[in-house]
Amino acid sequence: DPGRAWAMIVSRLSDGSRLVRLTDLSQLRAAEQMRADFVANASHELRTPLATILGFIETLQDPDTGGDAETRDRFLRIMLDEATRMRDLVDDLMSLSRIEADRFAAPRDPIDVVPVIEDARASLSQPIAVRGATLAVERETESTHVLGDRAQLVQLFSNLIANALKYGRADAPVRVRIEDGGGDLLRISVIDEGEGIAPEHLPRLTERFYRVDAGRSRAAGGTGLGLAIVKHIVLRHRGRLDIRSTLGVGTEVRVDLPRAGPLSSKSHGKVTQA
Ligand code: ADP
């Protein structure tokens with residue numbers, strides 16, 4: 001395979017014999033390329049709003065162009081929007097690196113996902129929360145506890161509900177279904193009746209900064225990191241993520257998480273302790 005590159009590492013053992021190991025460099029190279037692309041993308045995403053802000057400051061400083069109060073107000077609003085975008089992006093970048101740093105320690109607190117979904121809805125930023133669509137929680141299983149990290153679960157569902165509202169139809173409700181996921185898993189699905197996603201995009205959605213329609217995503221206040229964060233939270237919880245979508249019909253994102261057993265012996269004994 002001409003695309004592969006091998007490194008040969010030779011060590012001499014104490015008895016004089018030699019140990020030869022082959023390391024696949026193409027994998028290392030691919031990981032290094034991904035890291036470099038990520039830094040380049042993140043820098044570009046931060047530099048664009050920064051350039052806008054600097055441009056408006058210069059205009060405001062110029063007595064010929066930054067004169068009247070109305071113009072100043074308009075410019076300040078744009079600067080505020082751009083600065084907010086930068087803050088959201090930095091917050092998402094920090095979340096992602098924190099979740100990744102913790103990836104080897106699966107969180108194991110018993111958490112009820114029903115109040116988590118309420119908190120996720122309450123945490124949505126204003127422009128998304130007022131999109132108009134309602135959120136309906138459908139509970140089809142008795143115990144709704146999982147093993148997890150509460151703050152990260154709120155973030156996971158807040159990102160999914162935000163997407164369902166951003167890319168969904170304003171007059172159709174977003175549904176969150178909680179059901180048995182088979183095995184020791186609880187399945188939580190976030191379902192919208194929005195524009196849907198073409199099949200060729202589905203495998204790439206969880207890549208950092210991958211967007212189907214960049215203009216639309218930015219206009220809706222998206223950082224392009226939402227689903228990357230979702231994927232890493234699910235991975236850290238040893239769960240499963242499955243995104244299904246039909247163009248023109250809608251999108252369903254299924255999250256399977258390890259269930260927690262009942263907290264006290266008085267509750268129902270149907271669920272096995274993971
Ligand atoms: P963003 O911040 O751009 O929303 P995400 O990582 O959350 O970034 O999502 C990546 C892209 O996937 C979005 O830009 C959008 O094109 C698409 N997408 C995500 N969720 C949905 C959805 N529910 N319906 C349609 N498209 C979606």
Side-chain angles (χ1 to χ4, degrees), residues 34 37-38 41-42 44-46 48-49 81-100 117 120-121 123-138 152-177 187-236 241-255:
M34 264 176 67
D37 288 349
F38 173 58
N41 284 335
H44 175 77
E45 296 282 339
L46 283 168
T48 308
D81 283 349
E82 296 295 315
T84 305
R85 177 196 300 287
M86 291 182 75
R87 186 201 53 201
D88 291 346
L89 187 58
V90 170
D91 283 351
D92 277 357
L93 286 169
M94 288 192 337
S95 293
L96 204 49
S97 78
R98 224 177 292 127
I99 298 158
E100 276 201 294
I117 287 158
R121 184 223 303 252
S123 77
L124 294 176
S125 63
Q126 268 308 314
I128 298 171
V130 299
R131 274 290 312 273
T134 53
L135 187 78
V137 179
E138 299 165 5
Q152 286 188 0
L153 292 177
V154 171
Q155 189 172 17
L156 190 171
F157 291 108
S158 151
N159 287 359
L160 293 182
I161 293 168
N163 280 350
L165 291 171
K166 280 190 301 192
Y167 308 110
R169 247 177 41 215
D171 57 342
V174 167
R175 294 188 292 139
V176 178
R177 195 167 58 219
R187 172 166 297 165
I188 306 108
S189 312
V190 180
I191 305 155
D192 69 63
E193 295 174 25
E195 65 205 47
I197 302 159
E200 66 266 27
H201 295 293
L202 288 177
R204 301 198 57 191
L205 289 181
T206 59
E207 287 175 21
R208 292 147 199 233
F209 299 118
Y210 189 84
R211 293 156 160 133
V212 176
D213 176 345
R216 175 114 200 252
S217 156
R218 291 201 182 86
T223 61
L225 293 174
L227 287 177
I229 290 174
V230 165
K231 180 181 98 176
H232 280 91
I233 294 176
V234 171
L235 280 178
R236 187 179 171 226
L241 178 69
D242 182 12
I243 306 176
R244 294 151 183 249
S245 192
T246 310
L247 265 185
V249 176
T251 302
E252 172 167 346
V253 182
R254 296 179 175 177
V255 176

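Atoms within a ligand are numbered from 1 in the order they appear, just like the ligands themselves. Note that the numbering runs from 1 along the sequence shown for the chain.
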Subject >> ligand 1 contacted by K166 (non-hydrogen, < 4.0 Å) >> reply: yes

**OP:** Quickly, which of E200, E195, H201 forms a side chain to side chain contact (heavy atoms under 4.5 Å, CB included) with I197? Name it, please.
**Re:** H201

Subject >> Heavy-atom side-chain proximity of V253 to D242 below 4.5 angstrom >> reply: no

Original post:
Looking at R211, which atoms of ligand 1 are within less than 4.0 Å of one of its heavy atoms?
Top reply: 3 (O), 14 (O)

Subject >> Which residue and heavy atom of the protein sit nearest atom 10 (C) of ligand 1, plus the separation >> reply: Y210 O, 3.4 Å

Original post:
Which option, L89, D192, V190, owns the non-hydrogen atom nearest atom 23 (N) of ligand 1?
Top reply: D192

Original post:
When you measure from atom 12 (O) of ligand 1 to every protein heavy atom, which one gives the shortest distance, and what is it?
Top reply: L205 CD2, 3.4 Å

**OP:** Mark yes or no for whether R177, through its side chain, and I191, through its backbone, hold a donor-acceptor pair below 3.5 Å.
**Re:** no

Subject >> Proximity winner for atom 19 (C) of ligand 1, if only heavy atoms of N163, N159, V212, D213 are counted >> reply: N163

**OP:** List the closest protein heavy-atom neighbour of atom 3 (O) of ligand 1: residue, atom name, distance to the nearest 0.1 Å.
**Re:** S217 OG, 2.5 Å

Subject >> Interatomic distance, I161 atom CD1 to L165 atom CG [nearest 0.5 angstrom] >> reply: 7.5 Å

**OP:** If you have a sec, work out which protein heavy atom is nearest atom 8 (O) of ligand 1 and how many Å separate them, to one decimal?
**Re:** G224 CA, 3.3 Å

Original post:
Would a distance-only check, ignoring hydrogens and angles, find a side-chain to backbone donor-acceptor pair under 3.5 Å from S217 to D213?
Top reply: no

Original post:
For ligand 1, which atoms have a heavy atom of T223 less than 4.0 angstrom away?
Top reply: 2 (O)

Original post:
When you measure from atom 26 (N) of ligand 1 to every protein heavy atom, which one gives the shortest distance, and what is it?
Top reply: I197 CG1, 3.3 Å

Original post:
CG of D192 to CZ of R169: how many Å apart, nearest 0.5 Å?
Top reply: 10.0 Å

Subject >> Minimum side-chain heavy-atom gap M86-L46 below 4.5 Å >> reply: yes

Subject >> Residue G226 vicinity, atoms of ligand 1 by number, heavy atom under 4.0 Å >> reply: 5 (P), 6 (O), 7 (O)

**OP:** Heavy-atom distances under 4.0 Å are what count here, so tell me which part of R216 touches ligand 1: side chain, backbone, both or neither.
**Re:** neither

Original post:
Is the side chain of T134 donor-acceptor paired with the backbone N or O of P173 at a distance under 3.5 Å, no angle test?
Top reply: no

Original post:
Would one find an N or O of L227, backbone or side chain, under 3.5 Å from an N or O of ligand 1?
Top reply: yes

Subject >> Gap between atom CZ of R236 and atom CD of E100 - 0.5 Å precision >> reply: 12.0 Å

**OP:** Just need the protein heavy atom nearest to atom 13 (C) of ligand 1, so name the residue and atom and give the distance.
**Re:** Y167 OH, 3.5 Å

Original post:
N/O to N/O below 3.5 Å, does that happen between E195 and ligand 1?
Top reply: no

Original post:
Between E252 and R187, is there a salt bridge with N-O shorter than 4.0 Å?
Top reply: no

